[in-house]
Amino acid sequence: MPSNDPDDLAAYFQPGDPEPTGAQVIEALQQAGVRTGLGAFNPPGTSPPLVGLAVPEGYELPPGYVRHHQVTDEGVAIEPILMFSPDFVLHDAQGRPIAMPADRVVPPELAPPGMPRRQIQIPPR
């Protein structure tokens, strides 16, 4: 039976309607002003995974570098990638700051010395 409760999904999806997708549920919650629980997430497909260098398990990162963990929209874990810490500034041999990539994903040429340089693969959908 349809509900008049704005916090009930039945207020947005009626009996006999096709089962809503995750994106439809999130969109309905956000349109209702719900920004907690599922409503706190972006709909699937709006934030594709970042591709970068795989960080081997157990590899000790020097200061300024972080592992960035991600999952696909389907919930499949992706290997962590190497990123710059938000407050880190890398300097060249003359001590000048090096411009950081906008997404802070570390390009192969700026990876720490001795770290293997292998790009991750995003699992197929």
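Note that the structure is a prediction, hence the values are computed from the model and not measured.
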Checklist entry - Roughly how far, to the nearest 0.5 Å, is the CG atom of Asp103 from the CG atom of Leu50? => result 5.5 Å
Next on the checklist: Once rounded to the nearest 0.5 Å, what's the spacing between atom CG of Asp73 and atom OG1 of Thr46?
Outcome noted: 7.5 Å
Next on the checklist: Please give me the minimum heavy-atom distance between Gly39 and Leu29, naming the atom from each residue.
Outcome noted: N-CD1, 3.8 Å
Checklist entry - Going hydrophobic residue to hydrophobic residue with side-chain gaps under 4.5 angstrom, can you get from Ile81 over to Val66? => result yes
Next on the checklist: If hydrophobic clusters are built from ILVMFWY residues whose side chains come within less than 4.5 Å, do Leu90 and Val106 share one?
Outcome noted: yes
Next on the checklist: Going by the rule salt bridge (Lys or Arg N to Asp or Glu O under 4.0 Å), which residues pair with Glu74 if we only count those two or more places apart in sequence or in a different chain?
Outcome noted: Arg125
Checklist outcome for this item: Between Gly75 and Val71, the two heavy atoms sitting closest are C-CB, 4.3 Å
Next on the checklist: When you group the ILVMFWY residues by side-chain heavy-atom contacts below 4.5 Å and let the links chain together, are Met115 and Met83 in the same group?
Outcome noted: no
Checklist entry - What are the two closest non-hydrogen atoms of Gly52 and Val105, and how far apart are they? => result CA-CG1, 3.9 Å
Item to check | Heavy-atom closest pair, residues Gln24 and Glu19 | outcome: OE1-O, 4.3 Å
Checklist entry - Can you check whether Thr21 reaches Pro43 side chain to side chain, under 4.5 Å on heavy atoms? => result no
Checklist entry - How many angstroms lie between atom CE of Met100 and atom CZ of Phe88, to the nearest 0.5 angstrom? => result 5.5 Å
Item to check | Minimum heavy-atom distance Val55-Leu82, with the two atoms named | outcome: CG2-N, 3.5 Å
Checklist entry - To the nearest 0.5 Å, how far apart are CZ in Arg118 and CG in Leu53? => result 9.5 Å
Next on the checklist: A side-chain contact here means heavy atoms from C-beta on lying under 4.5 Å apart; do Pro80 and His68 qualify?
Outcome noted: no
Checklist entry - Quick one: do Leu61 and Phe84 end up in the same hydrophobic cluster if we chain Ile, Leu, Val, Met, Phe, Trp and Tyr together by side-chain heavy atoms under 4.5 Å apart? => result yes
Checklist entry - Roughly how far apart are Glu79 CD and Gln70 CD, rounded to 0.5 Å? => result 11.0 Å
Checklist entry - Counting only heavy atoms not in Tyr59, do more than 12 sit closer than 6.0 Å to its OH atom? => result yes
Checklist entry - If you group Ile, Leu, Val, Met, Phe, Trp and Tyr by side-chain heavy-atom gaps below 4.5 Å, do Tyr65 and Ile98 land in one group? => result yes
Checklist outcome for this item: Minimal heavy-atom distance between Pro123 and Ala77, with the atoms involved, is CG-O, 4.4 Å
Item to check | Side-chain heavy-atom pair Arg35, Gln30 within 4.5 angstrom cut-off | outcome: yes
Item to check | From CD1 (Ile78) to CD1 (Ile122), nearest 0.5 Å | outcome: 4.0 Å
